[in-house]
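See structure below.
To find a chain, count down the sequence lines: A is the first, B the second, and so on, and within it residues start at 1.
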There are 2 protein chains.
Amino acid sequence: MKEFIPVLKRTKLFAGVGEDDITAMLSCLGARLRTFKKGDYVLRQGEHLGDILVLAEGKLHIQRDDYWGNRSILGHIGIGEIFGEAYVAPESGTLLNDVVALEDSAVFFFDVKRVITTCSSACRFHTMVVQNLFFAISEKNRSLIQKLDYMSRRTTREKLLSYLSEEAKKQNSPYITIPYNRQQLADYLSVDRSAMSNELCKMRDEGLLEFEKNRFKLL
Amino acid sequence: MKEFIPVLKRTKLFAGVGEDDITAMLSCLGARLRTFKKGDYVLRQGEHLGDILVLAEGKLHIQRDDYWGNRSILGHIGIGEIFGEAYVAPESGTLLNDVVALEDSAVFFFDVKRVITTCSSACRFHTMVVQNLFFAISEKNRSLIQKLDYMSRRTTREKLLSYLSEEAKKQNSPYITIPYNRQQLADYLSVDRSAMSNELCKMRDEGLLEFEKNRFKLL
DNA sequence: TCCTTTCCGTTGTAAATACAACCGAACTGT
DNA sequence: ACAGTTCGGTTGTATTTACAACGGAAAGGA
């Protein structure tokens, strides 16, 4: 667990907290570290969750398969990102999605109750962690709204353009790299892969953008 | 402002706080009450927001019109509901959506900074309000994920079924009432109204459901 | 190197959707 | 009672998408 303290220090959850203080807080927050092999399920749809999670190592996808095997990808989790925060409320039901390891991964589990209940003097920075979590959830909220914006577009082209241009804004450059391959991007935007591939090539031919693998340039 | 204290008492934000304590907290939270006429914009896409809002009276829609006038409705806000919480983080950008009054409405504005910075002894229940807000955001988060689930369905029928069955679960009855008329429901699910209307009738003919205006029965 | 697998572009067809237009019923205000 | 408006169902057509299938390029392993 100790080895990942520097990683935790760089997360939004522990922003402003020193490594020593993080170490001291771990037990107070009920921290556990679990490792997963590539392909493992970190969380399963339908389970109940009483923890807030932080990815220490690896890559994860939040996804969901429906009855007919149709997969939809809700998002991508990189190192240091928080997830599971949608289920901190006591009455929140079971998980709506699966979380799957794309690579061998390590995940911190923090007990929700112990995170949000600021304890006494023992950990001085607990209040700051709560506020950090607050902002993190709020930001996740915003990014979900953003994704709903892509999804509300009627055509594949509009979905692609709104997603790519938002990424360009986020990465502050017309050259962008996305965390998805074609199939995954199609699953993320809930469209057919071949139709999307087709549309991408049309847009390239029309001079709207260029791409190679998962790197795009908007023109 | 006083007249709406009983309303506030029943909101999730002030759950567990008595009317007297709420009254005492109002100034501490930087509360302001603003009224809106039917059709007024409560918030506009692109603005910056430094408040958390609670609807005291009326009905609101969260919506967005794109360049071509295509409207998409992100959700419906009823009395006592919190909104604007997606923008509490200091670095969160501008509003992604409009919020529009469907009826004459009254809205409480609470200063974000003053809400999340627990003050001293003056207001005993401030900590509880922060935790309530925490749960509320987390729950909103969950409902956004839920909506993404509807939206990720490929066909109009699947979108309708996932939405309606989720509402049935939420309202705990096969008889459900929705806060949208046909056009609004279509905007909510991001589909064409006539196509949706068509699909609804087909589903009724197949015996999947019955409906009249905005009341539905799942079979 | 060879074999296997993954990735991605392409194509054709069937299915679903968007769009526009129309109509009747219900509701509104005068 | 009347005109004007909203609402919801219906229909036809053009457009878009889903699905299945194929093939070549690239990547990975033995």
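Side-chain proximity of Cys201(B) to the nucleotides dG8(D), dA18(D), dT10(D) is greatest for dT10(D). Comparing dA20(C), dT10(C), dG9(D) against the side chain of Ser194(A) picks out dT10(C) as the nearest.
For Glu206(B) and Arg157(B), the salt-bridge test passes: some basic side-chain N is under 4.0 Å from an acidic carboxylate O. Salt-bridge formation is not detected for the pair Glu139(B)/Arg142(B): no Lys NZ or Arg NE/NH1/NH2 atom is positioned less than 4.0 Å from an Asp or Glu carboxylate oxygen.
Within the structure, every side-chain polar atom (N or O) of Arg193(B) is placed at least 4.0 Å from both OP1 and OP2 of dG8(D). For dT10(C), the OP1/OP2 oxygens have no side-chain nitrogen or oxygen of Asn198(A) closer than 4.0 Å.
In this structure, Phe83(A) and Val99(A) approach most closely via the heavy-atom pair CE1-CG1, 4.0 Å.
Residues of residues 206-219 of chain B that place a heavy atom closer than 4.0 Å to DNA chain D, in numerical order, are Phe211(B). Within residues 151-167 of chain A, the residues having any heavy atom under 4.0 Å from DNA chain D are, by residue number, Thr155(A), Thr156(A).
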Mind running side-chain contact (heavy atoms from CB on, under 4.5 Å) on Phe135(B) and Val88(A) for me, showing each step along the way?
-> CA-CA 7 Å; Phe135(B) 291 152; Val88(A) 299; 4.3 Å; yes

Tyr175(A) and Lys217(A): side-chain hydrogen bond (donor to acceptor under 3.5 Å, both in side chains), yes or no, with the steps?
-> CA-CA 4 Å; Tyr175(A) 297 89; Lys217(A) 180 188 177 187; 3.3 Å; yes

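Axis angle between the ends of the helix from dT1(C)-dA30(D) to dT30(C)-dA1(D), five pairs each and rounded to 10 degrees, works out to 60°.
Side-chain contact between Asp51(A) and Phe110(A): absent, with no pair of heavy atoms (C-beta onward) separated by less than 4.5 Å. The closest side-chain heavy-atom distance from Met151(A) to Leu148(B) is below 4.5 Å. At least one side-chain heavy atom of Lys140(A) sits under 4.5 Å from a side-chain heavy atom of Asn141(B). With a 4.5 Å cut-off on side-chain heavy atoms, Val42(B) and Ser105(B) do not count as touching.
Within 4.0 Å (heavy atoms only), Asn181(A) reaches sugar-phosphate atoms of the nucleic acid but no base atom.
The CD-C1' distance, from Gln184(B) to dT6(D), rounds to 12 Å in whole Å. Distance Arg204(A) CZ to dG9(C) C1': 8 Å, rounded to the nearest Å. When rounded to the nearest whole Å, the span between CD of Glu103(A) and C1' of dG28(D) equals 16 Å. Atom CG of Leu185(B) and atom P of dT6(D) are 20 Å apart (whole Å). Straight-line distance from the CD atom of Glu199(B) to the C1' atom of dT10(D): 14 Å, rounded to whole Å. Rounded to whole angstrom, the span from the CE atom of Met196(A) across to the C1' atom of dC7(C) amounts to 12 Å. In this structure, Tyr180(A) atom OH and dC7(C) atom C1' are separated by 18 Å, rounded to whole Å. Following rounding to the nearest Å, Gln183(A) (CD) and dT5(C) (P) show an atom-to-atom distance of 18 Å.
Note: Tyr180(A) and His76(A) have perpendicular aromatic rings, judged against thresholds of 30 and 60 degrees for the angle between ring planes. Ring planes of Phe211(B) and Phe216(B): tilted class, angle from 30 to 60°.
Map Arg182(B) and Asp192(A) each onto its nearest nucleotide of DNA chain D; the residue landing nearer the 5' end is Arg182(B).
Both tests hold for Lys147(A) against Tyr188(A): distance to the six-membered ring centre under 6.0 Å, angle to the ring axis within 45°.
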